[in-house]
Amino acid sequence: MWLSEVMLQQTTVAAVKPYFAKFIARWPNVAALAAAPEDEVMAAWAGLGYYSRARNLVACAREVAALGRFPHTERDLRALPGLGAYTAAAVAAIAFGERAVVIDANVERVVARLYAVTDPLPAARKALYKLTDQITPASRSGDFAQAMMDIGSGICTSRDPQCQICPLADLCAARKQGDPARFPVKPAKKATPTRQGTAFWIERGNKVWLVTRAGKGMLGGMRALPDDGWRASGDGTCKAPIKGTWQPVGLVRHSFTHFALELTVSRYASETVPQLQNGEWWPLDRLEAAGLPTLFAKAARLARAQD
DNA sequence: AAAGCGTGGTT
DNA sequence: TAACCAAGCTT
């Protein structure tokens with residue numbers, strides 16, 4: 001349950017399913033995951049996004065392995081890496097039968113509508129916690145939480161709530177007002193800027209040069225193509241890792257949470273590549289196993305289409 | 001406490 | 001299609 005909850009953070013069930021199956025097959029229990037090399041777990045997570053979750057997953061598995069078992073209280077669960085307010089409460093309530101106030105985006109939406117909370121998020125969170133606490137039963141709070149989340153995901157949906165089939169319709173203040181979809185009130189979102197960058201495909205024989213990105217920050221800890229940091233100035237100039245003849249390969253467009261990226265891909269293929277540092281030559285015939293995040297998988301596809 | 005952090009699907 | 005959305009956590 002812990003693994004599925006972590007994978008499902010900000011991620012759809014459809015996206016999680018194959019990853020969950022793969023992880024359970026490869027690391028069937030916490031001890032196996034605790035013993036796994038971190039880079040293998042990172043590579044297995046490639047494509048799922050929010051890679052700090054994978055780092056925290058390993059750290060959490062190691063703490064739990066050292067403890068001998070998962071803590072059973074919300075407070076102690078909350079102290080584990082990668083378990084925030086929601087996940088700690090959900091695991092405590094659902095897995096261990098502790099009374100906990102479980103609030104995810106679904107519960108937040110249902111409660112905001114039930115009480116027609118007009119304060120915008122995130123300021124309304126304290127009030128929403130109090131309201132959810134008031135309606136959470138002393139026993140079987142995990143079942144209550146799952147019921148609320150099911151209503152939120154299947155009936156009280158963000159855009160088109162199905163009040164006709166909602167068991168809470170008669171109690172719902174937002175429905176009485178006539179426009180439940182306007183809750184919860186959210187602040188306007190900022191426009192996402194576009195950045196430009198260049199990635200370098202360096203090929204020698206049947207191998208490509210890959211680096212491992214810094215532990216924190218964008219795509220932290222993931223294997224990647226070398227790049228220019230995506231901060232090319234307006235003139236588009238950037239420094240290539242080696243001197244020589246570079247071929248333009250194309251442009252990859254990719255959207256992240258807070259900016260979009262236009263990544264120019266540049267290719268250098270030769271049997272005589274100068275000495276490179278801080279990376280590894282990776283066999284092209286098993287590039288999938290490198291665990292490239294989607295951005296670089298797109299760039300690699302483009303570069304290989306040149307052949 | 002506001003911002004950083006992925007990706008794929010839907011509208 | 002650009003914007004929005006989906007079972008948040010960390011600093």
Side-chain angles (χ1 to χ4, degrees), chain A residues 1-20 42 45-60 77-95 100 102-111 120-126 128-129 132 142 145-161 181-182 184 186-195 213-222 224 230 252-261 263 291-299:
Chain A
M1 180 204 169
W2 157 65
L3 176 64
S4 66
E5 288 294 347
V6 171
M7 284 187 166
L8 286 164
Q9 288 164 4
Q10 299 284 282
T11 309
T12 59
V13 174
V16 164
K17 268 187 179 172
Y19 284 87
F20 183 77
M42 298 298 290
W45 197 275
L48 197 55
Y50 287 135
Y51 298 101
S52 63
R53 291 184 296 173
R55 249 194 329 278
N56 286 331
L57 189 76
V58 174
C60 182
L77 286 162
R78 180 71 180 79
L80 293 170
L83 298 215
Y86 160 72
T87 308
V91 172
I94 297 170
V102 181
I103 304 180
D104 70 342
N106 288 309
V107 176
E108 194 168 80
R109 187 169 57 249
V110 172
V111 174
L121 295 175
R125 294 238 156 85
K126 278 191 176 178
L128 288 170
Y129 182 92
T132 309
Q146 294 194 69
M148 290 289 280
M149 291 190 283
D150 285 348
I151 290 171
S153 64
I155 298 173
C156 195
T157 55
S158 182
R159 289 178 168 149
D160 188 23
R182 91 177 173 92
K186 295 178 181 175
K189 292 191 175 173
K190 293 178 183 174
T192 60
T194 298
R195 292 188 201 166
R213 296 175 62 83
K216 294 185 178 179
M218 287 297 299
L219 312 178
M222 301 299 288
W230 314 340
V252 170
R253 296 178 194 282
H254 192 77
S255 293
F256 297 107
T257 307
H258 56 294
F259 65 93
L261 179 64
L263 187 72
L292 294 178
T294 299
L295 168 69
F296 292 110
K298 286 182 186 174

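Side-chain proximity of A/Y86 to C/dA7, C/dC5, B/dT7: nearest is C/dA7. In this structure, the nucleotide among C/dT11, C/dG8, C/dC5 sitting nearest to the side chain of A/D104 is C/dG8. With distances taken from any side-chain atom of A/T12 to the nucleotides B/dT11, B/dG6, C/dA6, the minimum falls on C/dA6. In the set B/dT7, C/dA7, B/dC5, B/dC5 carries the atom at the smallest distance from any side-chain atom of A/M218. Considering only side-chain atoms of A/Y50, the nucleotide from B/dT7, B/dC5, C/dA7 that sits closest is B/dC5. Listed nucleotides B/dT7, C/dA7, C/dG8 differ in distance to A/P293; the shortest reach to its side chain belongs to B/dT7. For A/F259, taking side-chain heavy atoms from C-beta onward, the closest of the listed nucleotides C/dG8, C/dA6, B/dC5 is B/dC5. For A/R159, the listed nucleotide lying nearest its side chain is B/dT11; candidates were B/dT11, B/dT7, C/dA6.
Contact check, A/Q9 against C/dG8: no side-chain N or O comes under 4.0 Å of OP1 or OP2. Taking 4.0 angstrom as the limit, A/R253 places none of its side-chain polar atoms (N or O) nearer than this to OP1 or OP2 of C/dT1. Proximity of A/T294 to the phosphate of B/dT7: a side-chain N or O atom is located under 4.0 Å from OP1 or OP2. Of the side-chain N and O atoms in A/H254, one or more sit less than 4.0 angstrom from OP1 or OP2 of B/dT7. OP1 or OP2 of B/dC5 has at least one side-chain nitrogen or oxygen of A/H258 nearer than 4.0 Å. Between A/R78 and C/dT10 there is a side-chain polar atom (N or O) within less than 4.0 angstrom of OP1 or OP2. In this model, the phosphate group of B/dT7 is approached by a side-chain N or O of A/Y51 to a distance below 4.0 Å at OP1 or OP2.
Checking A/T192 against A/T157, the closest nucleotide of DNA chain C that is more toward the 5' end is the one next to A/T192.
As judged by a 4.0 angstrom heavy-atom cut-off over every strand, A/R125 is placed among residues making no nucleic acid contact.
Evaluation of atom-type donor-acceptor distances gives no pair under 3.5 Å for the side chain of A/T257 against the base of B/dG4. Below the 3.5 angstrom threshold, one finds a donor paired with an acceptor across the side chain of A/T11 and the base of B/dG6.
Atom CZ of A/F256 and atom P of C/dA6 are 22 Å apart (whole Å). The CZ atom of A/R53 sits 14 Å away from the C1' atom of B/dG4 (whole-angstrom rounding).
Here the two rings, on A/F256 and A/H254, have centers that are under 6.0 Å apart.
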